[in-house]
Amino acid sequence: MALRAAVLRHIRLPIQTLTLTPRPLGASSSSTLVRWMSSHDDHITKEEVIDRVLSVIKSFPKVDPSKVSPEVHFQKDLGLDSLDNVEIVMALEEEFKLEIPDKEADKIDSCNLAIEYISNHPMAS
């Protein structure tokens, strides 16, 4: 403890203050927004989400890759059943390193819904 206290007495770090100017509601642009208290600053783009979601679905064994598009429905267009749907959601969780709650996972039955959910999820990577 004495060594730590001695070292801390000799270390000087410059302090930077951040001043925020108030803006009228709706006047901020996306380039000026700051995400406070976030440990995840490298959120992925929607285009990257689309590419990766389509890639996961195309690699699913029961899917014909030529039929996969952002508008495709898992059961109606690809002929998958509910168990396949669960497996696709699990593969998406693994691909994007996130956990989708069961209530939300049950709603994801198309590429569009998967893309929207993941692109809006703050921890998707």
Inset, instruction - Test R52 against I44 for side-chain contact (heavy atoms from CB on, under 4.5 Å), laying out the working first. - result: CA-CA 11 Å; R52 289 171 60 190; I44 53 181; 3.9 Å; yes
Inset, instruction - Mind running side-chain contact (heavy atoms from CB on, under 4.5 Å) on N85 and L80 for me, showing each step along the way? - result: CA-CA 7 Å; N85 199 25; L80 302 176; over 6 Å; no
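L78 has its side chain out of reach of F60: every pair of non-hydrogen atoms, C-beta onward, lies at least 4.5 Å apart.
Across all non-hydrogen atoms, the minimal contact from V56 to A91 is CG1-CB, 3.7 Å.
Sorted by first then second residue, the salt bridge (charged side-chain N to carboxylate O under 4.0 Å, His left out) pairs that include residues 54-82, not counting sequence neighbours, are K62-D84.
For the atom pair K97 NZ and H121 NE2, the distance stands at 14.0 Å (nearest 0.5 Å). For the atom pair F74 CZ and S82 OG, the distance stands at 13.0 Å (nearest 0.5 Å). Rounding to the nearest 0.5 Å gives a distance of 5.5 Å between CD1 of I88 and CD1 of I57.
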Counting only pairs under 3.5 Å, give me each side-chain donor-acceptor contact of residues 100-117, with atom names and distances, residues two or more places apart or in other chains.
| residue | atom | partner | partner atom | Å |
| --- | --- | --- | --- | --- |
| D109 | OD2 | H73 | NE2 | 3.2 |
| S110 | OG | L113 | N | 3.3 |
| E116 | OE2 | K46 | NZ | 2.4 |

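Cluster partners of M90, using a side-chain heavy-atom cutoff of under 4.5 Å among ILVMFWY residues and allowing indirect links, are V86.
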